[in-house]
Protein chains: 2
Amino acid sequence: MTVEAPATYTLTVGEVAAASGVATSAVRFYERHGVVHAERTSGDQRRFDDSAACRIRVAKVAQRVGLTVREIADIFDELPRDPQPQDWGRVAETLIREAEERTAALRAHLDAMRSGSRLCEL
Amino acid sequence: MTVEAPATYTLTVGEVAAASGVATSAVRFYERHGVVHAERTSGDQRRFDDSAACRIRVAKVAQRVGLTVREIADIFDELPRDPQPQDWGRVAETLIREAEERTAALRAHLDAMRSGSRLCEL
DNA sequence: CTCGGCGTTCAACATATGTTGAAGTCAAGC
DNA sequence: GCTTGACTTCAACATATGTTGAACGCCGAG
């Protein structure tokens, strides 16, 4: 049977911030919006698992192609607990597909414009 | 010699809004940020040329791939007065290149992640 | 067990991208 | 030349994406 790889929530907000290259305020922002998840210590401090910094780095790159934090969180939400490589593969495909669809829409619009022989009513 | 095709500023803000599918407030916003340009009547009303609605439609699609209004205005600023088809062609290429570079960055990041065999520290 | 470095929340500020409403002005058709 | 619908500006509001600072709490090393 498959071995369990339970997520262990050990990283502080500062550690995740350092590992992902954003401010601690941004890490808290991403958690509030569901890009990363955390447990709390008995003293109410956040503890993140090892995927947090990676998720944030992916989110930053995805934001550059026009995805909102909400959209990125929704895509990450498709991940099961203890995601396997193929789960991340699906997320990666979804992100790329979104980016390519938007680029294709831009290209289609610009192509239509050019072939219209009335480029921006020149 | 080449025939002049002087831009004629005749369209009101409402006409541009209707033609581009955005609110008049958005048309004014885009003008303030240099996406479109207008002259003023003696009574201080805006008059846009025929390219305004097209520029705004292009801007909306470009925003979807992560370009800011500022970046879009900067790209449009490369257009000469009375732009020719090849001028719009260069703008189109610049927009597409930006979108593709960002998508490539996303893909590269995700590929690096997958090949790292430590996908988001799974 | 204490202390200093992190952590917490919350409110305010900041920038980008707009919308809405008030108060007043313009211009086009009758 | 009047009227009225569309225009003007400006301030306030709204959402997304954060940052900063104050006031206070937690926790691990000594």
Side-chain angles (χ1 to χ4, degrees), chain A residues 8-49 52-53 55-77 98 102 106, chain B residues 8-49 52-53 55-77 98 102 106:
Chain A
T8 111
Y9 291 82
T10 59
L11 300 174
T12 66
V13 70
E15 286 164 346
V16 171
S20 58
V22 305
T24 58
S25 58
V27 174
R28 293 192 189 96
F29 178 85
Y30 287 127
E31 192 220 342
R32 282 196 298 112
H33 290 81
V35 170
V36 293
H37 303 296
E39 294 185 338
R40 295 298 181 119
T41 66
S42 58
D44 211 32
Q45 294 196 355
R46 290 170 184 83
R47 289 297 181 266
F48 299 88
D49 69 82
R55 281 168 173 248
I56 289 174
R57 282 192 304 263
V58 170
K60 293 307 286 181
V61 183
Q63 281 181 276
R64 285 280 290 175
V65 300
L67 297 189
T68 65
V69 166
R70 173 64 173 278
E71 288 167 337
I72 294 162
D74 285 350
I75 290 170
F76 283 171
D77 275 352
E98 253 317 300
R102 293 177 186 206
L106 175 62
Chain B
T8 110
Y9 291 84
T10 59
L11 301 173
T12 68
V13 71
E15 287 164 345
V16 171
S20 57
V22 304
T24 59
S25 58
V27 174
R28 295 191 187 96
F29 177 85
Y30 287 127
E31 192 221 340
R32 283 196 297 113
H33 289 82
V35 170
V36 294
H37 304 294
E39 294 185 337
R40 296 297 183 121
T41 65
S42 57
D44 212 32
Q45 294 195 355
R46 291 171 184 81
R47 289 299 181 263
F48 298 88
D49 68 83
R55 282 167 171 250
I56 288 172
R57 282 191 305 263
V58 170
K60 293 307 286 182
V61 184
Q63 281 181 276
R64 285 279 291 173
V65 300
L67 297 189
T68 66
V69 166
R70 173 64 173 279
E71 288 167 337
I72 294 162
D74 284 350
I75 290 170
F76 283 172
D77 275 353
E98 250 321 296
R102 292 176 187 206
L106 175 63

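Labels below follow one simple rule: chain letters A, B, ... track the order of the sequence lines, proteins then strands, and each chain is numbered from 1.
Between B/Lys60 and B/Ile72, every side-chain heavy-atom pair lies at or beyond the 4.5 Å cut-off.
Shown here for A/Arg47 and A/Thr10, the closest heavy-atom pair between the two residues is CD-O, 3.5 Å. Residues B/Gly66 and B/Arg102 approach most closely at O-NH1, 2.8 Å, considering heavy atoms. Residues B/Asp77 and B/Gly34 share a closest heavy-atom pair of OD1-O, 4.2 Å. A/Gln63 and A/Tyr30 make their closest contact through OE1-OH, 2.8 Å (heavy atoms, listed as atom of the first residue, atom of the second, distance). In terms of heavy atoms, A/Phe76 sits closest to A/Val35 at CD1-O, 3.5 Å.
Over its full length, the helix from C/dC1-D/dG30 to C/dC30-D/dG1 turns its helical axis through 10°, comparing axes from the five pairs at each end and rounding to 10°.
In this structure, A/Lys60 reaches the D/dG18 phosphate: one of its side-chain N or O atoms is under 4.0 Å from OP1 or OP2. In this structure, A/Tyr30 reaches the D/dG18 phosphate: one of its side-chain N or O atoms is under 4.0 Å from OP1 or OP2. Applying the 4.0 Å criterion to OP1 and OP2 of D/dC27, one finds that A/Thr41 has a side-chain N or O inside that range.
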Q: Go through the steps for B/Val22 and B/Phe29 under the test side chain to side chain contact (heavy atoms under 4.5 Å, CB included), then give the verdict.
A: CA-CA 11 Å; B/Val22 304; B/Phe29 177 85; over 6 Å; no
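Regarding A/Arg70, its CZ atom lies at a distance of 10 Å from the P atom of D/dT17, rounded to whole Å. Here the C1' atom of nucleotide C/dG18 and the CZ atom of B/Arg64 are 16 Å apart, to the nearest Å. Nucleotide C/dG7 holds its P atom 19 Å from the CZ atom of A/Phe29, rounded to whole Å. Put simply, CZ on A/Arg32 is 11 Å from C1' on D/dA16, counting in whole angstrom units. Residue B/Gln63 contributes atom CD, which lies 15 Å from atom P of D/dA16 at whole-angstrom precision. The distance from atom CG of B/Leu67 to atom C1' of C/dT17 is 15 Å, rounded to the nearest whole Å.
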Q.
How would you summarise protein contacts on nucleotides 4-12 of chain D per nucleotide, using B for base, S for sugar-phosphate only and - for none, with heavy-atom distances below 4.0 Å?
A. ---SBB---
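Screening B/Val16, B/Val36, B/Val13 for a side chain to side chain contact (heavy atoms under 4.5 Å, CB included) involving B/Glu31 leaves a single residue, B/Val36.
Scanning for side-chain contact (heavy atoms from CB on, under 4.5 Å) contacts around B/Ser25 gives B/Ala23, with sequence neighbours left out.
Across C/dG18, C/dT19, D/dG18, the shortest atom-to-atom separation from the side chain of B/Val69 is found for C/dG18.
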